[in-house]
Structures are given as structure tokens and as C-alpha cells.
Colleague: 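This is the structure, below, for whatever I ask next.
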Amino acid sequence: MLELNYRDARPIYEQIKDGLRKLVLSGAIRQDEKLMSVRELASQLAINPNTIQKAYRELEQEGYIYTISGRGSFAAPLSDVNSGRQQELQKQFDEAVTELLYLKYDPDELKKRIDQLHQGGARK
């Protein structure tokens with residue numbers, strides 16, 4: 001399900017958060033499906049439960065999961081992913097494109113790349 005890369009410069013909780021986000025977005029974790037408990041996932045990954053809790057808390061703030069007291073955490077419907085996350089991604093996109101253009105990256109190549117990503121054929 002989730003794999004950690006201890007050579008990755010990103011903190012462990014971010015790797016967990018990114019991994020779970022991808023599983024939700026890809027449909028590998030279906031809407032309203034119960035996630036592993038914090039303790040179960042911490043035990044499986046052999047890491048501190050506080051690390052899992054931090055990842056779950058941030059995913060909930062972003063709208064990817066929701067928690068029901070006493071029952072656990074569940075994958076949220078994609079329509080619930082808040083617009084704040086979309087705005088955050090748009091800002092990152094704008095910054096990346098601006099830098100690529102500054103570095104003289106061909107605008108047509110950018111368009112082609114977006115089309116590839118849209119069609120699910122990103123290979124670069």
C-alpha cells in the first residue's frame with residue numbers, strides 16, 4: 001500500500017500524506033472506505049503513531065479524508081476536496097511554469113506536456 005523512502009528529503013509524514021492522497025485520487029482507496037487506524041498503519045510501517053496522525057490531520061484539512069469519532073478515518077468524496085487545495089496546486093503550477101519559461105522552455109512543449117498528462121500518458 002504505502003512505501004517509505006528513507007533517502008527522500010521529504011519528511012516521513014509528507015511521504016505518507018502524498019501516498020494516501022494518490023491512493024484516494026486514483027480510486028485505490030474508494031470513497032467512504034475506512035483507512036487503517038493510526039496504530040495499525042504505524043505498526044505496519046514501523047514508525048511513530050504521531051507521524052501518521054499528523055499526515056491524517058493534514059489530509060483531513062485538505063478534504064481528502066474525514067474522521068468520525070470512535071469509528072475512524074475514511075476517504076472523502078473527491079467533490080469534498082476543498083478549493084484551497086486547488087488554489088495551492090494552481091499556485092505551484094504557476095510558479096513552475098513561470099520558472100520554466102524564464103529558463104527558455106518552449107511554451108509549445110509545455111502545452112504538449114499538459115496534453116500528455118491529461119491523456120494519462122506522461123512519460124518525461
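In this text, all values refer to a predicted model and were calculated from it rather than measured experimentally. Along the sequence shown, the residues carry numbers beginning at 1.
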Colleague: Rounded to the nearest 0.5 Å, how far does CD1 of Ile52 lie from CD of Gln44?
Modeller: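 Reported to 0.5 Å precision, the distance equals 9.0 Å.
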Colleague: Are Leu35 and Tyr13 connected in the hydrophobic side-chain network, where two residues link if heavy atoms are under 4.5 Å apart?
Modeller: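 No; tracing contacts between hydrophobic side chains, which count when under 4.5 Å, never links both residues.
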Colleague: What distance separates Leu20 CG from Lys22 NZ, expressed to the nearest 0.5 Å?
Modeller: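 One gets 11.5 Å once the value is rounded to the nearest 0.5 Å.
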Colleague: Give, for atom OG1 of Thr67 and atom CZ of Arg57, the distance between the pair rounded to the nearest 0.5 Å.
Modeller: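 The CZ atom of Arg57 is 10.5 Å from OG1 of Thr67, to the nearest 0.5 Å.
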Colleague: For Pro107 and Leu101, work out which heavy atoms get closest and say how close.
Modeller: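 Looking at all heavy atoms of both residues, the closest pair is CG-CD2, 3.9 Å.
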Colleague: Test Asp115 against Lys112 for salt bridge (Lys or Arg N to Asp or Glu O under 4.0 Å), laying out the working first.
Modeller: CA-CA 5 Å; Asp115 289 339; Lys112 190 159 91 175; over 6 Å; no
Colleague: Calculate, to the nearest 0.5 Å, the distance between atoms NZ and CD belonging to Lys17 and Glu62 respectively.
Modeller: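 Between atom NZ of Lys17 and atom CD of Glu62 there are 4.5 Å.
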Colleague: Looking at Pro11, is its backbone amide N or carbonyl O close enough to the side chain of Glu14 to form a donor-acceptor pair, meaning the two atoms are under 3.5 Å apart?
Modeller: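 It does not hold such a pair.
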Colleague: Using a cut-off of 6.0 Å, state whether more than 12 heavy atoms not belonging to Glu95 lie near its atom CD.
Modeller: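 Yes, CD of Glu95 has more than 12 neighbouring heavy atoms, counting only those of other groups under 6.0 Å.
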Colleague: Is there a donor-acceptor pair under 3.5 Å between the side chain of Gln31 and the backbone N or O of Leu78?
Modeller: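 It does not hold such a pair.
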Colleague: Taking it one step at a time, do Val24 and Leu59 satisfy side-chain contact (heavy atoms from CB on, under 4.5 Å)?
Modeller: CA-CA 10 Å; Val24 169; Leu59 284 168; over 6 Å; no
Colleague: Which atoms form the tightest heavy-atom contact between Asn48 and Ala42, and what is the distance?
Modeller: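 The pair with the smallest heavy-atom distance is C-CB, 4.2 Å.
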Colleague: Starting at CG of Leu2, measure out to CG of Leu41 and round the result to the nearest 0.5 Å.
Modeller: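 Reported value, rounded in 0.5 Å steps: 6.0 Å.
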Colleague: Show the numbers, then the answer: is there a side-chain contact (heavy atoms from CB on, under 4.5 Å) between Leu45 and Ile16?
Modeller: CA-CA 10 Å; Leu45 297 174; Ile16 293 165; 4.2 Å; yes
Colleague: Residues in side chain to side chain donor-acceptor pair (under 3.5 Å) with Asp94, at least two apart?
Modeller: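 Asp94 satisfies side chain to side chain donor-acceptor pair (under 3.5 Å) with Gln90 once adjacent residues are dropped.
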Colleague: Are more than 12 heavy atoms, taken from residues, nucleotides or ligands other than Gln92, located less than 6.0 Å from that residue's CD atom?
Modeller: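 Atom CD in Gln92 is crowded, with more than 12 foreign heavy atoms closer than 6.0 Å.
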Colleague: Under the side-chain contact (heavy atoms from CB on, under 4.5 Å) rule, what do Ile12 and Gln15 come out as? Steps first, then yes or no, please.
Modeller: CA-CA 5 Å; Ile12 298 297; Gln15 292 182 47; 4.0 Å; yes
Colleague: Considering all heavy atoms of both residues, which atom of Arg71 and which atom of Phe74 are nearest to each other, and what is their separation?
Modeller: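 In terms of heavy atoms, the two residues are closest at O-CZ, 4.1 Å.
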Colleague: Using the rule given for side-chain contact (heavy atoms from CB on, under 4.5 Å), can you reason through Tyr64 versus Leu25, listing the C-alpha separation, both sets of side-chain angles and the distance that settles it, and then say yes or no?
Modeller: CA-CA 9 Å; Tyr64 288 96; Leu25 290 173; 3.8 Å; yes
Colleague: Could you tell me the separation between the NZ atom of Lys34 and the CD1 atom of Ile68, rounded to the nearest 0.5 Å?
Modeller: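 Going from NZ on Lys34 over to CD1 on Ile68, the span is 10.0 Å.
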Colleague: Looking at side-chain heavy atoms only, is the closest gap between Ile47 and Leu4 below 4.5 Å?
Modeller: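 A side-chain contact exists here, since the closest heavy-atom pair is under 4.5 Å.
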Colleague: Return the minimal non-hydrogen interatomic distance between Ile65 and Ser73, and the atom names on each side.
Modeller: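 The answer is CD1-CB, 4.3 Å.
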Colleague: Would you indicate whether the side-chain heavy atoms of Asp18 and Arg10 approach each other to under 4.5 Å?
Modeller: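 They are in contact (side-chain heavy atoms under 4.5 Å apart), so the answer is yes.
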